[in-house]
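Everything below concerns the one structure shown next.
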Amino acid sequence: MKGKISYIDQNNFLHQAVNMFFSAVKLGILTLGVYGIDSLLQPASSGQSMNCSFSHFLIESTSLEEELKDIRRNYPSPSSSEFDMSDAFYFCRRGIESIVDDEVTKCFTAEELESWNLLTRSNYNFNHISSRLTVLWGLGVVIRYGFLLPLRLTLAITGVGLLVVLTAMIGFLPNGRMKNFLSEKVHLMCYRICVRALTAIITYHHSENKPKNGGICVANHTSPIDVIILASDGCYAMVGQIHGGLMGLIQRSMVKACPHIWFERSEVKDRHLVAKRLSDHVKDKSKLPILIFPEGTCINNTSVMMFKKGSFEIGSTVYPVAIKYDPRFGEAFWNSSQFGMMNYLLRMMSSWAIVCSVWYLPPMIRQEGEDAMQFANRVKAAIARQGGLVDLLWDGGLKRGKVKDTFKEEQQKLYSKILVGTQEVRSRS
Amino acid sequence: MGSRASSLLREEDIEEIKKETGFSHSQITRLYSRFHSLDKGENGALSREDFQRIPELAINPLGDRIINAFFPEGEDQVNFRGFMRTLAHFRPVEDNEKNKDLTSGEPLNSRTNKLHFAFQLYDLDRDDKISRDELLQVLRMMVGVNISDEQLGSIADRTIQEADTNGDMCISFSEFTKVLEKVDVEQKMSIRFLH
């Protein structure tokens with residue numbers, strides 16, 4: 001036992017030394033980034049500003065009615081026909097507006113930057129701007145790939161290796177306070193090494209609201225790195241599907257040291273089983289808080305999409321967390337249709353840095369008369385407000401799937417009500 | 001900074017599109033990046049599926065008709081020129097254009113052309129008249145299952161009766177224009193394009 005503790009101490013020392021070194025590098029990069037790059041480039045004429053606006057995807061019946069009345073107002077219709085050929089104008093205009101710009105499809109690609117950050121991957125316009133810039137870019141490539149990347153890779157391998165080895169060793173201990181204590185220390189240390197491996201500069205706000213045992217922590221999802229960022233500041237029980245390969249190895253060794261909730265691929269579909277295991281876990285107050293990403297998929301960190309209500313039905317305290325990345329130093333969004341996990345990690349480790357802010361929001365519980373979906377929306381609104389993200393009602397599943405027909409039917413119903421009056425339509429549906 | 005693909009759009013093309021549609025340079029590059037982001041197959045043309053992928057369009061009752069308007073007769077792909085030509089119908093009419101005497105023909109966003117776009121939404125077989133069947137089909141798209149066939153039929157009959165002046169039980173384009181002469185088409189069929 002003593003030998004193990006001193007081993008951990010040694011690593012702590014190494015860890016601290018590396019910390020100091022990286023802080024110096026970070027400072028240098030930040031200075032360069034904030035003052036140097038911005039002054040060299042001309043700001044783009046078109047900036048995208050995301051503001052917190054609650055967007056309703058259904059055409060509100062009042063606005064549809066008003067629009068139609070407005071179109072027809074200029075001429076009194078002699079007959080009693082409610083339909084007019086000009087009714088199509090409204091739908092037509094809405095359709096063309098959505099072709100020109102819509103709020104959903106752009107959530108699934110990385111946010112465009114206002115000015116370039118010297119990374120080829122963020123350079124959408126391959127025009128040559130000035131040779132001064134090209135030289136800077138070349139220098140950047142040398143620094144990033146020749147110097148930062150090998151360092152980071154070493155750290156990453158160290159971190160993951162230590163995690164697997166140490167948690168396996170702790171697994172041999174009998175369950176008890178010592179085991180939990182050691183497991184906590186080991187997890188935190190390894191995650192912190194991984195955070196250094198990505199040069200993630202994280203600012204935690206309101207740490208007094210950190211999730212406690214028996215609760216569920218929900219956060220918006222941008223990339224797999226979210227897990228590392230949150231887990232390096234506190235211990236959580238993870239939820240997820242068991243993978244094969246390296247990922248599976250890590251999962252299996254983690255669960256030896258403290259209970260996580262891993263599902264077999266077949267079990268994922270069974271909602272009742274999932275709900276049962278989650279609620280069993282939260283009832284046990286000695287177990288760590290569960291970390292869940294209710295969006296179910298990676299979104300590009302400009303908006304928050306629909307939260308799946310499963311985790312909000314369980315009935316325990318929910319601790320919302322908002323994570324906002326600063327895209328200027330490195331784009332953290334994982335566009336899984338564009339590149340795979342390995343490519344993504346390579347990109348992460350060869351960007352300047354990953355800069356993000358984490359806000360721990362005050363805990364929320366489901367109120368009387370509120371169903372799970374309303375509760376989920378309330379939590380989502382709080383996270384969106386804090387992180388400066390757009391709150392959308394659309395389902396993140398639209399990344400890969402089609403939109404449900406029921407939404408179209410809702411619109412048709414609204415229009416029918418205007419045509420023939422509410423009474424007729426109600427009797428038919 | 002512009003789009004990933006704006007380097008694929010040449011200056012000469014931009015000038016031609018500018019002349020044909022009246023969009024400004026920055027509007028064209030912005031719409032090109034939108035075109036490119038919709039083009040998942042990266043083949044320089046959009047198919048019907050690419051449009052269907054926009055959720056707000058997929059839930060629009062007239063979504064299929066609008067998508068159809070982009071594709072010329074019998075074709076399954078629309079390139080950027082075609083895309084811009086169709087969108088040009090929705091460019092707002094600027095004041096200085098209203099009184100301009102154009103020798104190069106009518107601009108795409110004139111009142112007549114806007115009305116023609118709307119006319120084609122109803123005219124399913126593109127034979128330049130809206131028959132009772134076509135009107136019924138479009139009405140059915142707009143109301144879904146919420147109104148009975150008889151009621152819908154009577155709405156269609158009434159509409160044709162009011163509009164039809166030459167007694168052929170169909171609505172031609174001139175009859176269509178006459179019915180809508182008091183409607184502010186320029187404003188209702190225009191959208192704001194960001195500069």
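Since the model is a prediction, treat every value here as computed from it, not as a measurement. Labels below follow one simple rule: chain letters A, B, ... track the order of the sequence lines, proteins then strands, and each chain is numbered from 1.
- Counting heavy-atom pairs closer than 4.5 Å to chain B, the top-ranked of the candidates Thr105(A), Ile99(A), Val403(A) is Ile99(A).
- Partners of Asp125(B) according to the salt bridge (charged side-chain N to carboxylate O under 4.0 Å, His left out) rule, which considers only residues two or more places apart in sequence or in another chain, do not exist here.
- Side-chain rings of Tyr415(A) and Phe91(A) approach one another, their centers coming within less than 6.0 Å.
- Among all heavy-atom pairs drawn from Leu38(B) and Arg53(B), the shortest one is O-NH1, 3.9 Å.
- The part of Phe117(B) that comes within reach of chain A is its side chain, from C-beta onward, which places non-hydrogen atoms under 4.5 angstrom from that chain.
- Taking chain B as the reference chain and counting heavy-atom pairs below 4.5 Å, the highest number among Lys408(A), Glu409(A), Lys404(A), Lys402(A) is found for Lys408(A).
- Residues forming a salt bridge (charged side-chain N to carboxylate O under 4.0 Å, His left out) with Glu150(B) (at least two apart in sequence, or on another chain): none.
- Using a 4.5 Å cut-off between heavy atoms, Ser154(B) makes no contact with chain A at all.
- At a threshold of 4.0 Å, the pair Asp102(A)-Arg34(B) counts as salt-bridged, since one of the basic side-chain nitrogens sits closer than that to a carboxylate oxygen.
- Between the side chains of Thr302(A) and Asn300(A), at least one donor N or O sits under 3.5 Å from an acceptor N or O.
- No hydrogens or angles considered: nothing links the side chains of Asn109(B) and Glu186(B) as a donor-acceptor pair under 3.5 Å.
- For Ile66(B), the part sitting under 4.5 Å from any heavy atom of chain A is the side chain, from C-beta outward, and nothing else.
- For chain A, no part of Arg65(B) is nearby; none of its heavy atoms comes within less than 4.5 Å.
- Taking chain B as the reference chain and counting heavy-atom pairs below 4.5 Å, the highest number among Val104(A), Thr109(A), Leu398(A), Asp405(A) is found for Val104(A).
- At a heavy-atom separation below 4.5 angstrom, chain A is approached by Ile171(B), Phe176(B) within residues 168-178 of chain B.
- Using a 4.0 Å cut-off between charged nitrogen and carboxylate oxygen, Arg81(B) and Glu16(B) count as a salt-bridge pair.
- Defined by atom type and a distance below 3.5 Å, a donor-acceptor pair is missing between the side-chain atoms of Lys106(A) and Ser303(A).
- Contact of Ile67(B) with chain A is not made at all, since no heavy-atom distance falls under 4.5 Å.
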Check: residues 70-77 of chain B side-chain donor-acceptor pairs under 3.5 Å, at least two apart:
| from | atom 1 | to | atom 2 | distance (Å) |
| --- | --- | --- | --- | --- |
| Asp76(B) | OD1 | Arg48(B) | NH1 | 3.3 |

